[in-house]
S.K.: 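This is the structure I want to talk about, given as structure tokens.
Letters A, B, ... are given to chains in the order of the sequence lines, protein chains preceding strands, and every chain is numbered from 1. Keep in mind that the numbers below use all heavy atoms, side chains included, and drop hydrogens, waters and symmetry copies.
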2 protein chains.
Amino acid sequence: MISIKDIAKKAGVSISTVSYALNRSSKVTEETASRILAIAKELNYVPNAAARNLKRRETKIIGAFLTDYNGVFYGDLLQGMKEVLNKNGYDLIVCSGKQSHRLLPEKMIDGAIVLDALFSSEELLLHADRGHKLVVLDRELIHPNINQVLLDNKAGAGLAVEYLIEQGHRKIYIVTGPPDSFDSNQRLQAVKQTIDRNQPIECISIQGKFDKLSGEQAAHQIMQDYTEPVAVFCLNDEMSIGMYNAVQKSDFRIGEHIHLIGFDNMELTQYTQPRLATIDYSKHKWGSIASEQLLKLIACEEVDQERIYVTLIQGDSVHPV
Amino acid sequence: MISIKDIAKKAGVSISTVSYALNRSSKVTEETASRILAIAKELNYVPNAAARNLKRRETKIIGAFLTDYNGVFYGDLLQGMKEVLNKNGYDLIVCSGKQSHRLLPEKMIDGAIVLDALFSSEELLLHADRGHKLVVLDRELIHPNINQVLLDNKAGAGLAVEYLIEQGHRKIYIVTGPPDSFDSNQRLQAVKQTIDRNQPIECISIQGKFDKLSGEQAAHQIMQDYTEPVAVFCLNDEMSIGMYNAVQKSDFRIGEHIHLIGFDNMELTQYTQPRLATIDYSKHKWGSIASEQLLKLIACEEVDQERIYVTLIQGDSVHPV
DNA sequence: TTGTATGCGTTATCAA
DNA sequence: TTGATAACGCATACAA
């Protein structure tokens with residue numbers, strides 16, 4: 001490996017002069033600097049990150065921790081993060097799985113954005129206690145080193161239920177996420193409030209896991225108990241698509257017997273027949289705001305709470321009853 | 001930050017003893033070792049990656065470089081990579097964009113898997129020349145430090161065209177990828193061979209860019225020139241979906257006027273009506289083999305060429321004519 | 001303006 | 001079995 005020592009030798013100067021030159025310090029003559037830079041280029045010099053990080057005590061890398069790589073959902077989110085980070089001289093790396101958590105305490109990254117229910121809050125708080133800066137997208141955590149950028153779940157769930165009610169539905173199934181999911185619980189809470197305000201409504205909740213299979217299973221239960229047209233609010237699109245798949249294989253029809261709405265506006269929902277109603281929000285904005293907040297935390301700037309707003313996407317999966 | 005020095009002081013031993021104990025060396029008493037480990041845990045000691053990397057000259061991290069984060073396609077691929085890497089004590093990080101290329105020469109990662117046409121071959125060869133180990137998934141590069149794991153594009157394209165021909169089609173449009181795409185060119189070559197073997201066939205090729213928009217534009221051209229039912233082979237599903245979208249908005253019907261097949265078996269293709277025919281292959285296997293090859297390269301083991309096999313997925317987007 | 005010297009936290013060599 | 005000490009490559013305070 002070629003180091004500043006080699007450049008120094010070849011240029012006939014000391015390593016500190018080389019270091020200054022490479023870091024564009026004004027402490028060195030324009031002349032010697034350009035000579036050193038030329039030699040560096042000639043020798044294909046690339047600074048060693050480990051050595052630099054050791055001294056600087058920062059890596060200029062931010063980690064995004066996701067549950068998995070099924071980026072159907074994550075593409076825009078990560079793009080939003082990356083654009084902001086790159087603009088500020090940081091790189092983004094995407095990680096998944098418990099094994100990669102080490103990157104934070106070992107100081108391979110300067111901060112993390114977390115959207116992964118499998119990353120426990122205890123662990124996150126521990127890291128925050130040790131001085132690491134975090135932004136979380138899927139929970140509320142009160143800590144000076146942690147900021148949260150959350151979806152306006154309550155508004156979204158309210159919009160969805162109100163839409164069903166406006167269309168005349170009075171029997172509504174709710175397919176929830178896992179009991180420990182922050183998003184699921186927030187949405188569920190808003191659902192209950194909205195329904196309470198619009199009594200009488202028959203509301204039946206079915207526990208799901210935010211995955212396709214849950215949606216299929218819920219569909220089977222609903223079809224088994226079927227007596228009259230019903231509305232279903234799946235608390236995410238993944239389950240909504242699972243339900244769509246299951247219903248497609250039956251004699252029931254989405255938008256006729258089963259009126260369906262989801263949450264997330266996954267691209268796929270616009271390709272189903274009929275189009276699945278859902279709740280939309282800008283994933284790109286979500287990512288970029290998360291990055292901005294993290295950079296503020298790192299810079300020890302004042303940072304307030306940001307929220308991501310949502311809108312209703314109507315679809316033929318919901319018709320008036 | 002808490003370092004081995006602190007542990008040494010508290011344990012009343014030297015830092016080298018601490019280092020041995022932490023690295024489970026047999027050079028230290030069971031007794032002192034456990035005492036040191038206890039203190040390390042008590043102090044919440046975490047080794048500093050930068051210092052370790054500097055000495056060890058390796059990070060146990062592998063980077064995957066992708067064109068973007070639209071993981072619709074990448075989810076399984078990355079999962080396959082990760083499983084193999086984790087099992088072997090490596091972590092996977094996912095990167096995108098030119099800025100992150102620095103991680104390789106700066107030695108923040110021990111190797112890279114590349115699926116990104118924007119990562120130039122010249123640059124890759126340069127890195128390989130400097131001793132970095134690479135696996136490429138989207139080109140052929142002859143270099144001792146580079147291995148390629150490629151799709152069997154020729155078989156796939158052959159299968160697709162034969163399928164169309166078997167169904168009686170004699171007028172076939174080909175929508176290609178960018179002119180510099182390795183996959184596109186390989187597929188196109190196989191298309192031509194297959195068509196040559198089955199003359200007479202009218203073959204019209206339209207240049208695309210592997211994105212949805214290209215598919216839409218090709219669709220408009222085809223519909224404008226329409227005189228009789230035609231078959232279309234889009235060299236990837238992304239364009240196939242774009243074409244589907246455009247045709248849906250017209251009076252033409254997929255599987256009736258325009259018979260369509262793509263390549264990649266994106267999840268979305270099974271949700272369209274009718275289901276889009278395509279060419280399938282295991283993305284998971286692709287990723288895991290890529291990782292295996294890279295690990296062999298790093299271990300300086302013998303490494304031969306692997307190929308990812310493909311199969312035909314029939315769909316109602318293609319009917320007999 | 002340039003050079004000398006020190007330290008970042010760890011591993012590893014060599015003595016003790 | 002343990003300890004002192006020298007690297008690893010770079011940045012920087014201080015001296016020249």
S.K.: Kindly say whether, by distance alone, the side chain of B:Lys55 makes a donor-acceptor pair under 3.5 Å with the base of D:dA7?
M.R.: yes

S.K.: Name the closest nucleotide to the B:Arg57 side chain, picking from D:dC14, D:dC8, C:dT13.
M.R.: D:dC8

S.K.: Could you measure the distance from the NZ atom of B:Lys10 to the OH atom of B:Tyr45? Nearest 0.5 Å is fine.
M.R.: 15.5 Å

S.K.: When the distance from CD1 of B:Ile15 to C1' of D:dG3 is rounded to whole Å, what number comes out?
M.R.: 9 Å

S.K.: Take the protein atom CD1 of A:Ile7 and the nucleotide atom C1' of D:dC10, then report the distance between them rounded to whole Å.
M.R.: 11 Å

S.K.: In this structure, how many angstroms lie between the C1' atom of C:dT11 and the CG atom of B:Asn53, rounded?
M.R.: 12 Å

S.K.: Quick check with a 6.0 Å cut-off and a 45 degree axis cone: is B:Lys285 positioned over the face of B:Tyr281's six-membered ring?
M.R.: no

S.K.: Picking from C:dG3, C:dT10, D:dA11, which would you name as closest to the side chain of A:Ser14?
M.R.: C:dG3

S.K.: Could you tell me the separation between the CZ atom of B:Arg35 and the C1' atom of D:dT1, rounded to a whole number of Å?
M.R.: 13 Å

S.K.: For B:Ser3, answer base if it contacts any base atom (sugar-phosphate contacts may also be present), sugar-phosphate if it contacts only those atoms, and nothing otherwise; contact means non-hydrogen atoms under 4.0 Å.
M.R.: sugar-phosphate

S.K.: Distance check needed: C:dG7 P versus B:Asn48 CG, whole Å only.
M.R.: 18 Å

S.K.: Using a heavy-atom cut-off of 4.0 Å across all strands, would you classify A:Ser19 as base, sugar-phosphate, or nothing?
M.R.: base

S.K.: Rounded to the Å, how far apart are A:Arg56 CZ and D:dT12 P?
M.R.: 6 Å

S.K.: Is B:Ser100 reaching over with its side chain to a backbone N or O of B:Gly97, donor-acceptor style, under 3.5 angstrom?
M.R.: yes

S.K.: Main chain of A:Val149, side chain of A:Trp286: is a donor-acceptor contact present, judged purely on distance under 3.5 Å?
M.R.: yes

S.K.: Using modelled atom types only, decide if a donor and an acceptor are shared between the side chain of A:Asp152 and the backbone of A:Tyr309 within a distance under 3.5 Å.
M.R.: no

S.K.: Rounded to the nearest Å, what distance is computed from the NZ atom of residue A:Lys5 to the P atom of nucleotide D:dA11?
M.R.: 14 Å

S.K.: Classify the ring geometry of A:His101 against A:Phe119: parallel below 30°, tilted from 30° to 60°, perpendicular beyond 60°.
M.R.: parallel

S.K.: Does the base of D:dA13 carry an N or O that pairs as donor and acceptor with the side chain of A:Tyr20 under 3.5 Å?
M.R.: yes

S.K.: From C:dT10, C:dT2, C:dC8, pick the nucleotide closest to the side chain of A:Leu54?
M.R.: C:dC8

S.K.: With each end axis built from five pairs of C1' atoms, what bend angle do you get for the helix from C:dT1-D:dA16 to C:dA16-D:dT1? Round to 10°.
M.R.: 40°

S.K.: Under 3.5 Å, is there an N or O donor on one side and an acceptor on the other linking the side chain of B:Ser16 and the base of D:dA4?
M.R.: yes

S.K.: Round to the nearest Å and state the distance from B:Ile36 atom CD1 to D:dG3 atom C1'.
M.R.: 12 Å

S.K.: Between B:Lys107 and B:Glu58, does at least one N-O distance fall below 4.0 Å, as a salt bridge requires?
M.R.: no

